[in-house]
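Because only heavy atoms are used, hydrogens play no part in the values below, and waters and symmetry mates are left out as well, while side chains stay in. Order of the sequence lines fixes the chain letters, A, B, ..., with proteins taken first and strands second; residue numbering starts at 1 for each chain.
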Amino acid sequence: MSQGRTLTFNIFRYDPQVSGDKPKMVKYQIEETPGMSVFIALNLLREQQDSSLQFDFVCRAGICGSCAMVINGFPTLACRTLTSKYPQGEITLMPLPGFELIGDLSVNTGKFMRELAERLKLWLHPDQDDVDVHRLEAPMAPEEAARLYELERCVECGVCVSACATKQMRETFVGAVGMMKLARFELDSRDTRSVEDFYHVIGNQDGVFGCMTLLGCQDNCPKDLPHMQQIAYLRRKMAVALV
Amino acid sequence: MKLIYTDSLVVGAGLAGLRVAIASKERGLDTVVLSLIPAKRSHSAAAQGGMQASLGNTIKGMGDDEDVHFQDTVKGSDWGCDQDVARMFAHCAPKAVRELTNWGVPWTRVTKGPRQVVVNAEKVTIEEAEEAHGLINARDFGGTKKWRTCYTADGTGHSLLYAVDNKAISLGIPVHERVEALSIIHDGKRCQGVVARCLITGELRAYIAKSTTIATGGYGRIYEVSTNAIICEGIGQALALETGVAKLGNMEAVQFHPTAIVPVGILTTEGCRGDGGLLRDKDGHRFMPDYEPEKKELASRDVVSRRMTEHMRKGKGVDSPYGPHLWLDITLLGRKHVETNLREVKEICENFLGIDPAKDWIPVRPTQHYSMGGIRTDKTGQNPQLKGLFSVGEAACWDMHGFNRLGGNSLAETVVGGMIIGKYVADFCQENSLEIDTGLAESFVEKLGSEIDELIDGDGTESPFALRKEMERVMMDYVGIFRNGPELEKAVTELQALLKRSRNIGLKCKKRHANPELVEALRVKRMLKVALTVACGAAARTESRGAHAREDFPQRNDKDWLNRTLASWPDEHALSPELSYEQLDVMKMELPPGYRGYGINNAIAHPDTEKREHEITEILSQLGDDADRHQRQHALMPFEVPESLMPKNERLCDTLDRPTPPVVGEESVGEQAL
């Protein structure tokens, strides 16, 4: 843990609701404290230097995914980024690209994710909705449950979307998050959708065939999810089913 | 004034709120959910360890049922809970777990055959039954007789929240995100909805509804160091308090979790100790068996937290720039276990401490964690003072946790409480018509509007950030794990001074739309009132019960204090709440107050306890030996839940004489992680 340094933060500032406001970078300086994270630093800046600074945190523990932003060029979770990681003490913060900007570092990932869920129907489609909850549950292979949980760890932070070149070029591309979620339901033996059903949703340039395999999603995913493996898996499944 | 009408309005989009919204929508009611943030970011996601439900599938859970779960919960509460509610809860928990399976939760499942686990620092082999293969697994948690905590690795809250939110999306339930409810519209008798502010545009809206359900979680953020998400600020409780009519229950009951990492206060799950992790002091000594030879690290949370604090006070803590701490040692579980079943813990250790918990000990200390108190409700979740106002989850004092909540019972409460109360909310909406008094709504919108004007245009000089910091420090220093009269008095005086100062806040940022300083100002004024209900309640309660530990009154005093603290704020200019008390009736208890099982039994008995014990013996002897456990339970304390939830729960032991259904998705029988 480093201490005693003065950190320089270059922060993107823009309020789209103020007419005439122009995007700009503003420089702030702050004394580093032991164990300081970007979460701690931003809060101190807001309390002590500029109370109008907008950013989002909820869990501040790497669990909820609300604080994704671009830190020194890389999209990541700000809460668990320690300032000691940057030997020069210079930290540039930008909002995640690819999402509606609310102001400064705050973007509307929630709106994006809800629309994606509605568009791709990202929920379990079970055989029957009214399984008797008073009776013993249906067994599931322990390995299947473990595999499902592995794919379910996505926190909808939006990093994969902002790190994806295809998504930046094509607004309608569903991105790694959408495909990861579909892969999760495809794998689930309780879900009644067939490969053809999934094909109708992502068997096109907006889905699995639009991915250029640049690996931005996988390289930056804060949960280390196997995005490329899942996209390849979905492609293979569809190709086989449609032959 | 913008008016939005709905049948069922839910404030808060965590598990409890969403579950109520789903119950309303399934009944065909128009439903709207308000949330500060996207639903999937709610604090429910942070619950790692699991939810308690007496499925009894595993070998260590065999023989578990509602009775055992009920008894553990009542003892855990230190007899402070509503036993009817604890019964309703224990009865419905298995149903909620199974319902969540249908909604997509990939519960960790049982693997048949032998597996190694760590119990009391020793590796032992247990063998799971053939018939249990593929059923929902359970792990060990503190204060429970059986292994009862159902889980998905250590991301249970995440899994549950995603499944429930997905269900809500599939039903088309709108969630108005980035909207903050700031006052309740009411006429002193009936709640008609809320006034809320859009955190993006600053717009004030009146949401008018038949029922309003507050599901905004706990109030941990009135403390300086808390495991809670930063949105757990007690605003839901403050809304109820500011009606001047609605009462809060047991606000002084605040739980500290034994193992949050130092210094940032992020939680490491109780699953660490449940799975076999140990607590060690600066000499590497495992000290819990010295204090609690029977339950050791798995004593109830309040007990472990106090024992840790006692041990550190003896100079056995590890010195650090942030004060003393102790060690949590999970290295004995092995890397494979840590990297699969405790992966969130591993990530937190790596990212915030730079250590590898499969190899290094984790620095921990007790930290504010859970709010047992909240908006007082009856068994149906409705506030007794304001018709149409419901509350559920951590926001509420329903009250199944009493003065101490067991690990795994909070996540369970969100979905079980939501399942039960959701039905009562829907009933209420079907039985009552919308009451609309636009003049009344307008007056509440105007009141909030002028509060905002005053903050922005007024000549106040106080900083909301500074006030908040001082409040957090007062709560931490004087209303913590151990409490005493002089310190609590000091807390009350200092908080009152802060509350006075909060009437003179002035803002530097003058924007009316997205303005973080304005948000902070509106909140801190309300949080101070919540903090005062905690401090005043604690100062008045001259006994020790559950998490409320008075150094000057170490005994649990059933004679004088077998009651629930109620707090209301009838005069908005007053500097403290009005306290009153609601007695718990021993003669109606299924389980009269007794020894909880920790330390020496030093409770001051209630005069009715012995009488009730005799009565129970008599009732049971009259029933005779033929009565089954359901009949015996019914004879002692009949309880009701909505009819569709009344059927008995089936368990593996009931079905063992029948063929088991084939396991879906079976490919190979792999080794389960230790």
Could you look at B:S644 and say if it's the side chain, the backbone, both or neither that has a heavy atom under 4.5 Å from chain A? backbone
Check whether A:S52 gets within reach of chain B through its side chain, its backbone, both or neither, counting any heavy atom under 4.5 Å. both
Which answer fits B:V175, side chain, backbone, both or neither, if we ask what part of it has an atom under 4.5 Å from a heavy atom of chain A? both
Of all heavy-atom pairs between B:A229 and A:C59, which one has the smallest distance, and what is that distance? CB-CA, 4.0 Å
Counting heavy-atom pairs under 4.5 Å with chain B, the top scorer among A:E118, A:R114, A:K85, A:Q48 is A:R114
Does any non-hydrogen side-chain atom of B:L652 lie less than 4.5 Å from one of A:L136? yes
Under 4.5 Å from any heavy atom of chain B, what part of A:F55 do you find: side chain, backbone, both or neither? neither
To the nearest 0.5 angstrom, please state how far the CG atom of B:L161 sits from the SG atom of A:C64. 10.5 Å
Most chain B-contacting option - heavy-atom pairs closer than 4.5 Å, from A:Q17, A:E150, A:K223: A:Q17
Which atoms of B:R221 are under 4.5 Å from chain A, going by heavy atoms: the side chain, the backbone, both sets, or neither? side chain
How many angstroms lie between atom CD1 of B:I200 and atom NZ of A:K111, to the nearest 0.5 angstrom? 8.0 Å
So do the side chains of B:N166 and A:F185 get within less than 4.5 Å of each other, counting heavy atoms only? yes
State the CH2-CG distance between B:W107 and A:L148, to the nearest 0.5 angstrom. 14.0 Å
Note: A:R80-B:E347 ion pair, threshold 4.0 Å (strictly below): yes
Are A:V58 and B:H43 side-chain neighbours, meaning at least one heavy-atom pair lies under 4.5 Å? no
B:E350 versus chain A, the contacting section by heavy-atom distance below 4.5 Å: neither
Part of B:S463 lying under 4.5 Å from any heavy atom of chain A: neither
Go through the atoms of B:S226 and report whether side chain, backbone, both or neither lie under 4.5 Å from a heavy atom of chain A. backbone
Rounded to the nearest 0.5 Å, the CZ atom of A:R190 sits from the CH2 atom of B:W103 at a distance of 13.5 Å
Residue part contacting chain A, namely of B:E344, when any heavy atom lies under 4.5 Å: side chain
Verdict with supporting geometry, A:R46 and B:E520, salt bridge (Lys or Arg N to Asp or Glu O under 4.0 Å): CA-CA 11 Å; A:R46 180 149 83 189; B:E520 187 79 1; 5.9 Å; no
Atom group of B:R651 that falls short of 4.5 Å from chain A, counting heavy atoms: backbone
Side chain, backbone, both or neither: which part of B:K95 has a non-hydrogen atom closer than 4.5 Å to chain A? both
Heavy-atom cut-off 4.5 Å, strictly under: side chain, backbone, both or neither for A:L187 against chain B? neither
Would A:Q54 and B:N515 count as having a side-chain donor-acceptor pair, cut-off 3.5 Å? no
Would B:R178 and A:D56 satisfy salt bridge (Lys or Arg N to Asp or Glu O under 4.0 Å), going step by step from the backbone distance to the final call? CA-CA 11 Å; B:R178 294 180 186 262; A:D56 293 321; 2.9 Å; yes
Give a yes or no on whether a salt bridge exists between B:R98 and A:D132, defined as a side-chain N under 4.0 angstrom from a carboxylate O. no
Where on B:H158 is there a heavy atom nearer than 4.5 Å to chain A: the side chain, the backbone, both, or neither? side chain
Are more than 12 heavy atoms from other residues, nucleotides or ligands located less than 6.0 Å from atom NZ of B:K469? no
Which atoms of B:N57 come close to chain A, meaning under 4.5 Å heavy atom to heavy atom: side chain ones, backbone ones, both, or neither? side chain
Turns out that what part of A:N43 lies under 4.5 Å from chain B's heavy atoms comes down to neither
Indicate whether any N or O donor in one side chain lies under 3.5 Å from an N or O acceptor in the other, for A:E152 and B:S159. yes
Hey, does the side chain of B:E517 reach the backbone of A:S51 with a donor-acceptor pair shorter than 3.5 angstrom? no
Kindly indicate whether the side chain of B:R343, heavy atoms from C-beta on, has any atom under 4.5 Å from the side chain of A:R153. yes
